[in-house]
Amino acid sequence: MGYGDLRKGRHSAPGQEYLLTTVCTRRQPLFENRHNAETLIDELRHLQAHGYIEWLAWVLMPDHLHALGSLTGTLPLSGLMQRLKGRSSRALGGSVWQPGFHDHALRAEEDRAAIARYMVANPVRAGLVSSLRDYPYWYCQWFRTGDDPDELLWAKHDQPR
């Protein structure tokens with residue numbers, strides 16, 4: 001199955017929440033480099049600041065990005081990802097991403113906070129750190145300043161919204 005086949009059923013709508021994954025070219029660990037990681041995080045913030053998406057959670061792994069967000073503008077999902085990947089590639093001075101991306105449109109009954117907790121725990125499960133508090137490249141709206149990030153992973157939350 002080619003990338004074009006994956007896009008056939010793709011639909012995007014303002015207000016829809018998506019779980020997104022995109023991978024670096026040849027799975028290069030480009031985001032082990034702090035400058036590269038901070039550059040991509042700036043691009044994530046740029047997209048939210050310009051009203052394209054509200055990020056609910058994301059985690060930047062050495063060679064890929066997982067993100068959970070709600071489309072807030074008229075830019076379709078494919079346009080959002082094209083903008084993220086294009087701007088970050090230009091800022092980092094080269095080809096960064098594999099073609100395409102994976103998306104999952106969340107259904108009403110899916111627990112956003114549980115999905116976010118599972119997603120941001122990736123650095124711990126991958127053995128990059130023993131504690132989420134030691135990993136700098138993640139965000140979760142259900143985490144509040146002063147909270148212990150490791151407790152976030154096991155906390156029970158009411159479904160948001």
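In what follows, residues are counted from 1 in the order of the sequence shown. Note that this is a predicted model, so its numbers are computed, not measured.
We find the CD1-CG distance between Ile53 and Leu75 to be 9.5 Å, quoted to the nearest 0.5 Å. Ile41 CD1 to Arg45 CZ: the interatomic distance, rounded to the nearest 0.5 Å, is 6.0 Å. Atoms CG and CZ, on Leu132 and Arg117 in that order, are 12.5 Å from each other to the nearest 0.5 Å.
Counting heavy atoms from C-beta outward, Leu19 and Asp103 have side chains that stay 4.5 Å or more apart. Put simply, the side chain of His66 does not reach to within 4.5 Å of the side chain of Thr22, judged on heavy atoms. A 4.5 Å side-chain heavy-atom check between Leu20 and Leu68 finds every atom pair outside the cut-off. A 4.5 Å side-chain heavy-atom check between Phe101 and Leu77 finds at least one atom pair inside the cut-off. By the 4.5 Å heavy-atom criterion applied to side chains, Leu71 and Tyr52 are not counted as neighbours. Taking the side chain as every heavy atom from C-beta outward, Glu54 and Gln141 approach each other to under 4.5 Å. The shortest side-chain heavy-atom distance between Asp134 and Leu128 does not fall under the 4.5 Å cut-off. Two residues are said to be in side-chain contact when any heavy atoms from C-beta on lie closer than 4.5 Å; Leu84 and Leu40 meet this criterion.
Between Leu65 and Trp58, the closest heavy-atom pair is CD1-CB, 4.4 Å. Scanning all heavy atoms of the two residues, the minimum distance from Ser95 to Thr25 falls at OG-OG1, 3.6 Å. Among all heavy-atom pairs drawn from Glu17 and Ser70, the shortest one is CG-CB, 3.7 Å. When all heavy atoms of Thr21 and His64 are compared, the pair lying nearest together is CG2-CD2, 4.5 Å. Among all heavy-atom pairs drawn from Ala57 and Ala116, the shortest one is CB-CB, 3.6 Å. Here the closest non-hydrogen pair linking Leu106 and Ile115 is CD2-CD1, 3.8 Å.
A donor-acceptor distance shorter than 3.5 angstrom exists from the side chain of Asn122 to the backbone of Met119, with no hydrogens or angles considered. Looking only at distances, a side-chain donor or acceptor of Arg112 sits under 3.5 Å from a matching main-chain atom of Glu110. Between the His50 side chain and the His46 main chain, a donor and an acceptor come within less than 3.5 Å of each other. Side-chain N or O atoms of Asp63 include none that pairs as donor or acceptor with a backbone N or O of Cys24 at under 3.5 Å.
Cluster annotation: Val23 is not connected to Tyr18 through the hydrophobic network of ILVMFWY side chains, with a link wherever side-chain heavy atoms come within less than 4.5 Å. If you chain together hydrophobic residues whose side chains sit under 4.5 Å apart, Val124 and Trp142 fall into the same group.
Within 6.0 Å of atom CZ in Arg125, more than 12 heavy atoms from other residues, nucleotides or ligands are found, so the atom counts as buried in its surroundings. Surrounding CD of Gln16 are more than 12 heavy atoms belonging to other residues, nucleotides or ligands, all under 6.0 Å away.
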Q: Decide side-chain contact (heavy atoms from CB on, under 4.5 Å) for Leu80 and Leu47; before the verdict, give the C-alpha distance in whole Å, the side-chain angles of both, and the deciding distance to 0.1 Å.
A: CA-CA 8 Å; Leu80 173 91; Leu47 290 170; 4.0 Å; yes
Q: Would you sort out whether Val59 and Tyr137 count as a side-chain contact (heavy atoms from CB on, under 4.5 Å), showing the intermediate values?
A: CA-CA 6 Å; Val59 61; Tyr137 308 126; 6.0 Å; no
Q: Start with the C-alpha distance between His104 and His102, add both sets of side-chain angles, then the distance that settles ring-ring contact (aromatic ring centres under 6.0 Å, His included), and finish with yes or no.
A: CA-CA 7 Å; His104 168 72; His102 177 266; 7.4 Å; no
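Checked against side-chain hydrogen bond (donor to acceptor under 3.5 Å, both in side chains), Trp97 has the following partners two or more places apart in sequence or in another chain: Ser88. Partners of Thr72 by side-chain hydrogen bond (donor to acceptor under 3.5 Å, both in side chains), not counting sequence neighbours: none found.
Pairs passing the salt bridge (Lys or Arg N to Asp or Glu O under 4.0 Å) check and including a residue from residues 80-96, sequence neighbours excluded, read Glu43-Arg87.
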